[in-house]
There are 2 protein chains.
Amino acid sequence: MEEFSKSPESSVPTLADVAARAGVSTATVSRCLNTPDRVTEKTLKTVMDAVNHLGYAPNYSARALAAGRTNMIGAIIPTMENAIFARGIQAFQEELQKNGCTLLVASSSYRQDLEEEQIRTLTARGADALLLIGYQRDPQIYEFLKKRKIPAVLTWASEPSQDYLSVGFDNRKAMKALATDVIGKGHRTIGCISADTATNDRARERVEGIWAAMRDAGLDPDTLQVVETAYSIENGEAAFQQLMSGANSPTAVMCGNDVLAVGALRAAADLGLKVPGDVAITGFDDIELAFVAPVPLTTVHVPHRRMGQLAARALIEALHGRSPESVQLPTEVRHRDTL
Amino acid sequence: MEEFSKSPESSVPTLADVAARAGVSTATVSRCLNTPDRVTEKTLKTVMDAVNHLGYAPNYSARALAAGRTNMIGAIIPTMENAIFARGIQAFQEELQKNGCTLLVASSSYRQDLEEEQIRTLTARGADALLLIGYQRDPQIYEFLKKRKIPAVLTWASEPSQDYLSVGFDNRKAMKALATDVIGKGHRTIGCISADTATNDRARERVEGIWAAMRDAGLDPDTLQVVETAYSIENGEAAFQQLMSGANSPTAVMCGNDVLAVGALRAAADLGLKVPGDVAITGFDDIELAFVAPVPLTTVHVPHRRMGQLAARALIEALHGRSPESVQLPTEVRHRDTL
DNA sequence: GTGAAAAATGTAAGCGCTTACATTTGCCAT
DNA sequence: ATGGCAAATGTAAGCGCTTACATTTTTCAC
């Protein structure tokens with residue numbers, strides 16, 4: 001019969017408990033756990049037996065305090081409800097997990113002030129490194145990160161100056177390629193439904209991509225009819241209606257992402273417009289929604305999972321003191337039935 | 001001209017630095033930060049000025065070690081790529097953020113062994129509380145959590161025995177309601193595409209819901225043709241084909257979630273089957289995919305955001321030493337065009 | 001077998017914070 | 001004014017771990 005009491009041994013075991021049971025010092029136990037090759041096989045076994053017997057698990061707060069590292073990596077994204085972020089972050093997390101790191105998540109709701117606050121919070125929480133979306137933010141933040149020596153990887157975009165580590169893709173180039181195809185189909189009056197270009201660098205670059213294609217084709221970029229709205233199917237519908245009710249309604253509407261495009265598609269159906277016969281519609285991202293849409297969507301495919309995975313690897317490299325290279329992933333126009 | 005060196009003042013400021021600058025003890029600074037009402041207004045101002053001047057931010061690892069709390073809450077979900085989890089977790093995170101807590105995320109890929117490992121990892125990392133999906137797991141885990149005094153909330157289901165805190169919904173009842181409608185439409189030969197019922201309690205309860213409805217209607221539950229497969233559009237397509245190529249092909253196929261249902265819908269189109277004319281199809285969850293599907297999907301609406309939010313509140317209550325009640329959220333059949 | 005170098009282990013000093021307890025200060029009834 | 005009490009502040013002991021440095025043990029060339 002064993003006695004179970006509230007005495008020390010019934011509470012959470014510590015390193016010292018393991019050391020006592022194994023008859024070694026706490027330093028040795030710590031070594032067994034962190035650098036097993038610096039310890040005799042025999043000692044290792046004794047200690048691991050004690051660990052298992054006691055059900056010992058290290059206290060990461062203590063470890064973090066002593067070692068100065070937490071093995072936690074933070075990600076600050078606009079929202080997980082957008083499938084592209086959910087997918088990228090899932091891959092990011094899987095890769096971190098493989099490397100013994102844990103993911104801390106915060107969301108900014110596409111607001112720069114909130115993002116900044118989150119950066120400070122996750123930093124204070126001890127995040128060893130950060131994944132950030134896009135590159136447009138107060139220079140002070142970059143200063144702050146640099147001063148704190150916290151590696152950060154910028155994703156979902158390719159930072160133009162290459163001053164920072166980034167694992168992403170060229171939004172402008174991607175959208176330009178798609179716009180070139182749109183123009184190639186003979187469209188001259190083009191509309192665009194975009195997220196807020198003032199605060200969202202990805203959205204802005206996509207619009208700039210359309211302008212660039214227009215310029216190349218001898219079209220006046222100023223004729224591009226842009227409506228800015230937050231990402232949602234409903235907003236896509238409304239924006240499309242607005243675009244089509246104007247005097248010179250577009251024959252092609254390029255949307256900033258697939259969600260808006262699906263909204264446009266629904267609005268077109270409501271207006272009795274055939275796609276692509278009466279009006280062409282394009283998306284961006286190539287999420288599931290794009291190919292199960294009423295009319296499968298012509299869009300730009302972005303390797304979100306791959307991006308998340310490579311971002312994780314880059315950060316882990318950086319944490320190991322190496323200097324990872326930025327990577328620009330290729331995107332690809334996916335021709336389906338809306339253009 | 002100021003000198004910038006590697007000397008103490010250029011590194012990350014600590015509580016002691018603030019205390020020195022404000023001319024008070026570290027205890028007082030700590031009080032200003034944590035219990036400002038236990039401090040003179042004058043002292044508070046002096047200290048906060050020092051905090052701001054130094055750009056001080058507390059080291060949470062140290063705080064966690066000293067206080068025994070981390071203010072981090074962990075969530076272990078099968079995958080963020082499933083929109084229902086992304087959405088629920090987003091709401092969960094927003095609510096945590098409002099309460100000064102940070103979210104730690106891990107994913108189990110629907111594997112029980114991995115989930116268990118993650119529970120131990122997040123616990124070791126100091127998660128003060130945990131959000132878990134479903135209720136079916138090794139009793140030892142519940143023991144472990146109880147011993148460690150870590151509150152956990154079970155979500156996306158309603159734990160039948162009510163022994164544990166849960167914020168979810170009744171999968172069985174929800175699916176039974178839908179199945180009753182299916183039967184009400186005259187369907188007698190029913191198929192079902194489900195996730196693995198052995199390891200996924202939500203999936204199992206949904207199938208049981210169909211059985212219950214059949215029984216109530218005088219149908220033999222054993223005639224339900226179940227195909228189990230992992231959640232994906234492609235798997236939904238394959239499973240549907242399998243179901244329809246059998247001897248006694250169903251006139252209605254009830255799917256375990258919307259993703260499978262969209263796959264079924266596509267397969268039906270490929271087979272030249274009209275929905276719901278030739279075959280009825282139903283989903284579960286009511287994600288975006290459901291209403292933008294080629295044929296808008298009849299499905300069960302689940303209040304995922306609300307669930308995430310309430311789960312967060314319950315955990316925060318528990319952390320405050322109160323005893324939150326389990327809540328069972330209502331679900332609702334959404335009739336659209338596939339039944 | 002011997003001694004020097006290498007390997008294994010032990011000792012103990014923090015890491016930055018919270019908090020129980022001790023001390024000082026301020027306030028008020030007398 | 002003064003004693004007594006409450007409020008404010010200070011003192012200092014950890015929280016559980018890592019790691020530089022000190023000590024002991026092993027290894028191995030001679």
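Distances from the side chain of B:Val24 to the nucleotides D:dG10, C:dC17, D:dC17 place D:dG10 closest. Closest to the side chain of A:Thr40, from the set D:dG16, C:dT18, C:dT9, is C:dT9.
Donor-acceptor pairing under 3.5 Å is lacking for the side chains of B:Gln140 and B:Glu116. B:Gln90 and B:Arg87 are not linked by any side-chain donor-acceptor pair at a separation below 3.5 angstrom, with hydrogens and angles left out of the test.
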Inset, instruction - Give the C-alpha distance, both sets of side-chain angles, the deciding distance and a yes or no for salt bridge (charged side-chain N to carboxylate O under 4.0 Å, His left out) between B:Arg21 and B:Asp17. - result: CA-CA 6 Å; B:Arg21 180 162 229 277; B:Asp17 295 333; over 6 Å; no
Inset, instruction - Go through the steps for B:Glu117 and B:Arg120 under the test salt bridge (charged side-chain N to carboxylate O under 4.0 Å, His left out), then give the verdict. - result: CA-CA 5 Å; B:Glu117 191 182 316; B:Arg120 295 191 191 279; over 6 Å; no
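The nearest whole Å value for the distance from the NZ atom in B:Lys42 to the C1' atom in D:dA8 is 11 Å. Here the C1' atom of nucleotide D:dA13 and the CG atom of B:Leu15 are 16 Å apart, to the nearest Å. Rounded to an integer number of Å, the gap from B:Arg63 CZ to C:dC15 C1' is 16 Å. Rounded to an integer number of Å, the gap from B:Glu41 CD to D:dA7 P is 17 Å. We find that CZ of A:Arg38 is positioned 14 Å from P of C:dA6, with the value rounded to whole Å. Remark: P of C:dT9 and CG of A:Leu44 are 10 Å apart, rounded to the nearest angstrom. Counting to the nearest Å, the P atom of C:dC17 and the CG atom of B:Leu33 are 9 Å from each other. Separating the CG atom of A:Leu65 from the C1' atom of C:dC15 is a distance of 4 Å, rounded to the nearest angstrom.
The salt bridge (charged side-chain N to carboxylate O under 4.0 Å, His left out) test applied to B:Arg38 returns no partner, not counting sequence neighbours. Checked against side-chain hydrogen bond (donor to acceptor under 3.5 Å, both in side chains), A:Tyr142 has the following partners two or more places apart in sequence or in another chain: A:Arg137. Checked against side-chain hydrogen bond (donor to acceptor under 3.5 Å, both in side chains), B:Asp138 has no partners two or more places apart in sequence or in another chain.
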Name every donor-acceptor pair, under 3.5 Å, that has one atom in a side chain of residues 23-33 of chain B and the other anywhere in the protein, sequence neighbours excluded.
residue : atom : partner : partner atom : Å
B:Ser25 : OG   : B:Ala27 : N            : 3.4
B:Ser25 : OG   : B:Thr28 : N            : 3.3
B:Ser25 : OG   : B:Thr28 : OG1          : 3.3
B:Ser30 : OG   : B:Asn34 : ND2          : 3.3

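Dashed line: the shortest gap from a side-chain N or O of B:Thr43 to OP1 or OP2 of D:dT9 is under 4.0 Å. Taking only side-chain nitrogens and oxygens, B:Thr14 never comes nearer than 4.0 Å to OP1 or OP2 of C:dG16.
The residue among B:Ser25 and B:Ala62 whose nearest nucleotide of DNA chain D lies closer to the 5′ end is B:Ser25.
Within residues 48-59 of chain B, the residues having any heavy atom closer than 4.0 Å to DNA chain C are, in order of number, B:Tyr56, B:Pro58, B:Asn59.
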Inset, instruction - Scan nucleotides 19-27 of chain D nucleotide by nucleotide, 5' to 3', and note B when protein non-hydrogen atoms come under 4.0 Å of the base, S if they reach only the sugar-phosphate, - if neither. - result: BB-------
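With hydrogens and angles disregarded, a donor-acceptor distance shorter than 3.5 Å links the side chain of A:Asp201 to the backbone of A:Tyr135.
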